[in-house]
Structures are given as structure tokens and as C-alpha cells.
Amino acid sequence: MEVLKIATAGSVDDGKSTLIGRLLYDTKSLTTDKLEAIEKSSKQKGYDYLDFSLATDGLVAEREQGITIDVAHIYFSTATRSYIIADTPGHVEYTRNMVTGASTSQAAIILIDARHGVIEQTYRHFFINNLLRIKDVIVAINKMDLVDFSEEIYNKIKEDFKALVAKSDYEDQNITFIPVSALTGDNVVNQSEIMNWYTGKTLLEHLEELDTQDVYNKGVMRFPVQYVIRPKTTDFHDFRGYAGKVYGGDINVGDEVVVLPSLTKTKVKEIYFNNKKYASATRRSSITVTLENDVNVSRGDMIVKTNELPKVEKQFDATISWMDNKPLSNGSKYVLQHGSHKVLAKVSNIHHKIETDFSGVVNDIVTLNMNDIASVSFQLNKPIFFDAFKNNRTNGSFILIDPQTNNTAGVGFIN
């Protein structure tokens with residue numbers, strides 16, 4: 001069954017947790033004990049409705065304050081596909097959590113309170129989705145029941161958000177607007193009878209029809225080697241295969257390829273999936289390949305087509321989302337992990353901090369603090385093979401590890 005991972009974002013009281021709870025409830029994905037707990041808690045609080053936010057707010061602090069703090073992953077399925085929702089916090093002090101939740105998502109839902117419209121945090125949420133190259137963004141204008149399901153208010157918010165989209169440099173991004181009421185269920189799973197002026201799809205209908213293949217980067221093929229398979233059994237005594245996941249494009253038997261970093265040239269001999277041979281494999285396929293020549297290939301190496309070489313350099317510029325309590329400064333040294341490849345990296349220059357409201361940059365920055373996003377140059381102790389993040393999300397991203405604490409200190413997107 002196909003899996004679609006979605007990141008959600010919304011400001012405090014926009015109803016994000018309620019929306020997710022409503023999705024679970026209307027798709028009959030809540031367990032009996034969870035539903036009973038929601039009914040009991042809602043009754044104790046004196047509500048005349050079910051408080052669906054209790055389905056997702058797992059931390060005690062979240063339930064007490066009515067806000068999302070940590071990234072929670074919620075799973076549910078329909079008859080056609082499975083979903084993983086990364087419920088991310090919207091506060092500026094939890095920007096790092098939002099980046100973490102959205103970094104592996106293929107689609108995003110940005111909630112807007114119909115009473116308040118586009119606000120500062122909406123800018124931040126859209127900026128991060130733009131930064132992470134999330135291709136399909138659904139703008140769910142929520143709490144329509146509190147504005148009398150007004151088409152005029154919906155259209156005003158829609159136009160305001162389109163003005164924000166005009167600031168984006170991501171031309172292939174798809175923006176979809178849906179008026180919803182998470183509390184009453186209008187246009188979440190079932191079509192709203194009250195908002196008959198809206199003729200589009202419900203939220204779930206839109207998610208069901210998203211092309212799960214199309215949401216990924218399409219471009220040059222990248223095959224990072226995760227594992228070298230040498231069974232050394234009687235049946236497979238001389239077998240040498242390389243297991244990994246295909247990114248960007250297709251790989252075919254007979255393709256002329258180059259193994260990086262050795263620059264050894266060879267051809268793809270066989271492609272295996274579950275012990276069956278195939279003539280080709282599409283992007284996002286987890287496969288094992290064999291090569292025509294007995295070349296030296298190790299975990300961390302990358303197989304690419306001869307006419308599609310990535311950059312192989314010891315320095316580059318990147319956009320950084322800083323996640324550590326300890327500030328980043330010029331000259332700081334970290335372990336840079338790019339795929340399964342680790343190298344030593346030094347911060348050679350902090351160019352500027354980027355404002356997440358699209359207002360510009362702040363120059364003369366000497367350090368980065370937690371939740372800051374900035375443009376930074378790095379110097380490596382040996383070359384890596386990379387692409388720009390906008391061309392290949394997997395081969396254009398990396399994490400920074402503090403060598404003293406072993407903490408993930410930051411995440412980067414190569415320019």
C-alpha cells in the first residue's frame with residue numbers, strides 16, 4: 001500500500017490537533033479505548049462536543065496548555081493508502097521541531113484560523129515548507145463555523161495567502177485552498193452541506209488523489225550504497241550486490257555508471273527486488289544491483305550515471321537550521337553526515353541570518369542560536385559528492401553532529 005507522509009503546521013488555537021483528531025475519527029481510525037477516553041475527558045470538561053485534540057497531544061504539557069510542543073507521528077489508513085502525519089509545533093521557539101517534522105514529508109497542511117487570517121506565523125510556516133521544497137501544500141482555512149461559513153472571508157484569506165506565495169522562489173509548488181471546520185467536520189472527510197459555495201474536494205479527497213510518486217524530486221539518478229551483500233553460500237558463492245534506495249531518476253540494466261568517489265566506470269548488470277530480477281527500477285525503489293566488473297564499492301559510495309555526475313568538492317554554501325543550545329560560530333568544527341558518508345567540517349563563514357517572514361536577511365552575524373536559519377559556508381577535510389537541495393532533496397541535505405556531545409546540532413540544505 002502506498003504511504004504518504006504529511007507535515008502539519010499551525011499557530012496556537014488554529015485547531016491543528018482537532019483537525020487531525022477529526023481525520024482519525026471520521027476515517028474510523030481511533031481505537032475504542034482512545035475514543036472512550038476522548039468522550040470521558042470531553043464530558044469532564046463540560047464540552048458539548050468531542051475534544052479531538054486529545055487524540056494527538058501526547059505530552060502532559062501539551063494537554064495542560066493546549067499546544068503542540070514536540071513532533072508527534074500519527075498513523076492511519078484508508079482503503080487506498082496509508083498516511084503518516086508529522087504533527088509539528090508552530091511556535092517560533094520550536095522552529096527546529098517543525099523543520100525536523102517536515103524534512104521527510106511529501107505534502108504539508110498549513111492551518112489558518114478564519115477569524116485571524118494570514119498572520120506572522122503563517123509566513124514562517126510557509127517559509128519552512130518553501131525551504132524544504134515541499135511540493136504540495138494544502139492551506140486549510142479552519143474554524144469556518146466561527147465566521148458563519150463566510151465565502152467572502154475565505155476569499156479574502158485566499159488572496160492574502162496568494163500574495164505570500166508570490167514571494168516564493170519555488171515555481172513547481174502546488175497550493176490548494178480548502179475551507180474547513182475541524183470541530184464540525186465540514187470538508188475534512190465529508191463534504192460540507194453548509195458551504196455549498198465551495199465546489200472543490202474535501203481534505204481527505206485531495207490527499208487520496210495526490211500522486212505519491214510525483215511528490216518526490218524527479219531529476220538525475222542517485223544510488224547511495226547502504227550495504228554490500230556477499231552471501232558466500234553454495235548457491236551464491238561469488239555474488240556481490242549493492243543494496244540501497246534509488247533517488248531522483250530511474251536505473252536500468254545496461255546503464256553506464258560511475259562509482260564515486262573512486263570514479264570507476266562500469267555497467268549495471270542486474271537489478272534485484274525480493275530475489276526477483278527486473279530490467280529497471282524507478283526512483284524511491286529499494287533494490288540491490290550488481291555490476292559487470294568486480295570493482296571496489298563500499299557503504300557510503302554512490303553509483304551515478306556517467307553523464308549525470310554530481311559536484312565533488314571540499315567546500316560549499318548551505319542554508320542551515322540551527323538546533324543546538326550551543327551557538328554556532330565561525331571556525332566551529334562538526335562532523336558532517338551526508339547520507340551514510342561522514343566527514344569533518346569547519347564553518348568558514350556565516351554570511352547572514354534569514355528572516356522566516358520573507359522580510360530579508362540580517363547581516364554582520366557572528367553566531368547562530370537555536371532556531372536560527374542562516375546562510376553558511378563550510379570547508380571539509382575531504383570531498384563529498386552532492387547536488388543542490390532544490391534539485392535533489394536527499395543528495396542535497398546533511399546534518400551536523402557535535403563531536404563532543406554527539407548531538408545533532410543542525411541540518412543543512414546545500415545551495
Enquirer: What's the separation between atom NZ in Lys353 and atom CG in Asp364, rounded to the nearest 0.5 Å?
Expert: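 One finds 12.5 Å between NZ of Lys353 and CG of Asp364.
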Enquirer: Does the pair Arg115/Asp113 count as a salt bridge with the N-to-O cut at 4.0 Å?
Expert: yes
Enquirer: With a 6.0 Å cut-off on ring centres, are Tyr154 and Phe177 close enough?
Expert: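 They do not qualify: ring centres at least 6.0 Å apart.
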Enquirer: Please output the side-chain donor-acceptor pairs of residues 184-196 that fall under 3.5 Å, not counting sequence neighbours, one pair per line with the distance.
Expert:
from   : atom 1 : to     : atom 2 : distance (Å)
Thr184 : OG1    : Ser181 : OG     : 2.7
Thr184 : OG1    : Asp186 : OD1    : 2.4
Asp186 : OD2    : Ser192 : OG     : 2.6
Asn187 : OD1    : Ser192 : N      : 3.0
Asn187 : ND2    : Pro179 : O      : 2.9
Gln191 : NE2    : Gly200 : O      : 3.2
Ser192 : OG     : Ile194 : N      : 3.3
Ser192 : OG     : Met195 : N      : 3.0

Enquirer: What donor-acceptor contacts under 3.5 angstrom involve side-chain atoms of residues 302-313, with partners at least two apart or in another chain?
Expert:
from   : atom 1 : to     : atom 2 : distance (Å)
Lys305 : NZ     : Asp250 : O      : 2.9
Glu308 : OE1    : Met221 : N      : 3.1

Enquirer: Determine whether the aromatic ring centres of residues Phe316 and Phe398 are separated by less than 6.0 angstrom.
Expert: yes
Enquirer: Write out all pairs satisfying ring pair (Phe, Tyr, Trp, His ring centres under 6.0 Å) with one or both partners inside residues 133-153, taking only residues at least two apart or from two chains.
Expert: none
Enquirer: Going by the rule salt bridge (Lys or Arg N to Asp or Glu O under 4.0 Å), which residues pair with Lys277 if we only count those two or more places apart in sequence or in a different chain?
Expert: Glu270
Enquirer: Would you please name every residue forming a salt bridge (Lys or Arg N to Asp or Glu O under 4.0 Å) with Asp172, sequence neighbours left out?
Expert: none
Enquirer: OG1/Thr202 to CD1/Ile178 distance, rounded to the nearest 0.5 angstrom?
Expert: 7.0 Å
Enquirer: Sequence neighbours excluded and cut-off under 3.5 Å, please list the side-chain donor-acceptor pairs for residues 377-384, or say none.
Expert:
from   : atom 1 : to     : atom 2 : distance (Å)
Ser377 : OG     : Asp317 : OD1    : 2.4
Ser377 : OG     : His351 : NE2    : 2.5
Asn381 : OD1    : Leu344 : N      : 3.1

Enquirer: Output, in order, the C-alpha distance, side-chain angles, deciding distance and verdict of salt bridge (charged side-chain N to carboxylate O under 4.0 Å, His left out) for Glu152 and Lys156.
Expert: CA-CA 6 Å; Glu152 184 181 351; Lys156 173 66 168 61; over 6 Å; no
Enquirer: Taking atom types as modelled, is there a side-chain donor on Asp402 or Asn407 under 3.5 Å from an acceptor on the other?
Expert: no
